[in-house]
Amino acid sequence: MTDEVEVSALAINVAIPDELQWTDSRRGVTFRLTTLNVRLLPDGRLAAKAYGRPVDGGRGAYTSFAVPDRPELTGLISDAAKVAAQRWQAAYAPEHQAH
């Protein structure tokens with residue numbers, strides 16, 4: 001069965017700490033970016049987009065923003081990917097592996 005399963009991507013959502021949040025605008029609306037969606041692509045690359053809510057209030061449309069190339073955000077993405085990998089492994093690793 002596992003040979004037939006095709007996983008196109010794995011995704012995690014990561015809260016952006018207050019000190020790393022930023023604003024960006026789309027169609028005249030300024031958003032505060034508070035969440036990252038990080039996907040592990042089939043070729044092993046990570047792709048990240050940022051999401052948030054309008055600064056002036058109201059519901060935020062599900063609009064993605066590019067993640068700035070900042071070392072602290074790259075570090076957050078890397079740390080989050082490691083935590084997610086550990087959680088997946090802990091949740092689904094066989095308890096008794098044959099050696």
Side-chain angles (χ1 to χ4, degrees):
M1 170 72 175
T2 53
D3 290 341
E4 299 172 14
V5 176
E6 179 181 335
V7 176
S8 60
L10 300 173
I12 57 174
N13 291 323
V14 181
I16 303 169
D18 290 345
E19 66 274 10
L20 298 182
Q21 293 177 8
W22 70 99
T23 59
D24 203 340
S25 297
R26 180 78 46 86
R27 296 183 194 98
V29 177
T30 301
F31 289 78
R32 171 162 288 286
L33 290 306
T34 59
T35 304
L36 295 175
N37 176 267
V38 182
R39 294 182 302 131
L40 175 62
L41 303 174
D43 65 5
R45 291 179 300 124
L46 293 177
K49 293 288 184 183
Y51 295 88
R53 297 209 176 274
V55 172
D56 292 335
R59 287 195 62 215
Y62 197 68
T63 304
S64 65
F65 290 86
V67 177
D69 187 15
R70 295 179 9 212
E72 59 273 20
L73 292 173
T74 302
L76 176 63
I77 292 168
S78 177
D79 290 347
K82 290 174 190 171
V83 168
Q86 291 167 350
R87 288 184 184 177
W88 273 105
Q89 183 178 22
Y92 293 102
E95 291 185 31
H96 300 64
Q97 294 181 343
H99 293 281

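Residues take their numbers from the sequence shown, with the count starting at 1. All of these numbers come straight from a predicted model, not from anything done at the bench.
- Residues Pro68 and Asp24 fail the side-chain proximity criterion, which asks for heavy atoms closer than 4.5 Å.
- A pairwise comparison of heavy atoms in Ala48 and Ile77 identifies CB-CD1, 3.7 Å as the closest pair.
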Using a 3.5 Å cut-off and no angle test, enumerate the donor-acceptor pairs between side-chain atoms of residues 38-46 and protein atoms at least two apart in sequence or in another chain.
{"from": "Asp43", "atom 1": "OD1", "to": "Arg45", "atom 2": "N", "distance (Å)": "3.0"}
{"from": "Asp43", "atom 1": "OD1", "to": "Arg45", "atom 2": "NE", "distance (Å)": "3.3"}
{"from": "Asp43", "atom 1": "OD2", "to": "Arg45", "atom 2": "NE", "distance (Å)": "2.7"}
{"from": "Asp43", "atom 1": "OD2", "to": "Arg45", "atom 2": "NH2", "distance (Å)": "3.3"}

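- The two atoms that bring Ser25 and Thr30 nearest to each other are OG-OG1, 3.1 Å, heavy atoms only.
- The shortest distance between side-chain heavy atoms of Leu73 and Leu20 falls below 4.5 Å.
- Remark: Arg26 is positioned above the aromatic ring of Phe65, its terminal NZ or CZ atom under 6.0 angstrom from the ring centre and at most 45 degrees off the axis.
- When all heavy atoms are compared, the tightest approach of Ile12 to Ala84 is CG2-CB, 3.5 Å.
- Linking Ile, Leu, Val, Met, Phe, Trp and Tyr whenever their side-chain heavy atoms come within less than 4.5 Å leaves Tyr51 and Val55 in two separate clusters.
- Annotation: side chain of Leu33 is not in contact with side chain of Gln21 (no heavy-atom distance under 4.5 Å).
- For Trp88, the ring pair (Phe, Tyr, Trp, His ring centres under 6.0 Å) criterion is met by Tyr92, not counting sequence neighbours.
- Pairs passing the side chain to side chain donor-acceptor pair (under 3.5 Å) check and including a residue from residues 75-87, sequence neighbours excluded, do not occur.
- Rounding to the nearest 0.5 angstrom, the gap separating the CG atom in Leu36 from the CD1 atom in Ile16 is 4.0 Å.
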